Amino acid sequence: MADCRVCVDAGVCKMKTLITAKDNGMGLIEIDIKSDCPNVLKMSWKLEPMSPYAEVEAPFDTSSIYKLAAEAIPHTACPVPAGIVKALEVAGDLGLKRDCAIRFLADDEDVEIS
């Protein structure tokens with residue numbers, strides 16, 4: 001399994017979060033979080049080593065990460081929980097390192113969807 005570091009810039013709040021996901025040698029991934037956001041930090045205190053398979057395949061309503069986010073982060077649009085899941089996925093060898101983005105478009109801007 002590969003260690004993974006992800007930086008999430010949450011946007012208008014200007015808060016950044018550094019997520020480090022590492023294999024603990026027993027098939028579980030440990031997640032370390034450094035963040036400007038007190039709500040994200042509050043969530044991180046409850047994160048325990050987790051199985052990448054169980055977490056990545058879980059429905060949103062049963063995901064440990066999204067449950068903890070629901071308890072600690074008051075803003076549903078926060079992208080940090082998704083960043084944590086992506087880091088866990090890569091650290092667990094279930095995905096590849098590839099950037100994701102949410103980009104706002106001008107009213108007259110088109111995007112090609114294949």
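On a predicted model such as this, the values are computed, not experimentally measured, just so you know. Excluded from the calculations below are hydrogen atoms, water molecules and symmetry mates; all remaining heavy atoms, backbone and side chain alike, are included.
- Leu47 contributes atom CG, which lies 11.0 Å from atom CD of Glu30 (distance to the nearest 0.5 angstrom).
- For Ile102, the CD1 atom sits in a loose shell: 12 or fewer heavy atoms of surrounding residues, nucleotides or ligands are nearer than 6.0 Å.
- Between Ile19 atom CD1 and Ile84 atom CD1 the span is 5.0 Å, to the nearest 0.5 Å.
- Under the 4.5 angstrom side-chain criterion for Ile, Leu, Val, Met, Phe, Trp and Tyr, Val12 has no cluster partners at all.
- Atom CD1 of residue Ile31 and atom CG of residue Leu88 lie 5.0 Å apart, to the nearest 0.5 angstrom.
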- prompt: Between Met43 and Ile65, is a side chain to side chain contact (heavy atoms under 4.5 Å, CB included) present by the stated rule, with each step listed?
  reply: CA-CA 9 Å; Met43 174 192 167; Ile65 291 168; 3.7 Å; yes

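- Here CZ of Arg5 is found 9.0 Å from NZ of Lys34. Values are rounded to the nearest 0.5 Å.
- Using a 4.5 Å cut-off on side-chain heavy atoms (C-beta onward), Ile29 and Pro49 make no contact.
- Listed by first and then second residue, the ring pair (Phe, Tyr, Trp, His ring centres under 6.0 Å) pairs involving residues 63-91 are Phe60-Tyr66 (not counting sequence neighbours).
- By the 6.0 Å contact criterion, CD on Glu109 is enclosed, its count of non-hydrogen atoms from other residues, nucleotides or ligands being greater than 12.
- Smallest separation of non-hydrogen atoms from Asp61 and Lys67: O-CE, 3.4 Å.
- Residues Ile73 and Pro81 form a side-chain contact, since some pair of their non-hydrogen atoms from C-beta on lies under 4.5 Å apart.
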message: Apply side chain to side chain contact (heavy atoms under 4.5 Å, CB included) to residues Cys4 and Thr20 and explain how you reach the verdict.
response: CA-CA 6 Å; Cys4 180; Thr20 304; over 6 Å; no

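- Glu55 places a side-chain N or O within 3.5 Å of a backbone atom of Ser64 that can act as its donor or acceptor partner.
- Between Ala72 and Asn39, the closest heavy-atom pair is O-CB, 3.3 Å.
- A distance-only check finds no donor-acceptor pair linking the side chain of Asp3 to the backbone of Lys22 [under 3.5 Å].
- Closest non-hydrogen pair, Pro79 versus Ala10, comes out as CG-CA, 3.8 Å.
- Met15 contributes atom CE, which lies 10.0 Å from atom CG of Leu41 (distance to the nearest 0.5 angstrom).
- Here the CG-CG distance, from Asp9 to Asp36, works out to 9.5 Å after rounding to the nearest 0.5 Å.
- Among all heavy-atom pairs drawn from Gly27 and Pro52, the shortest one is O-CD, 3.6 Å.
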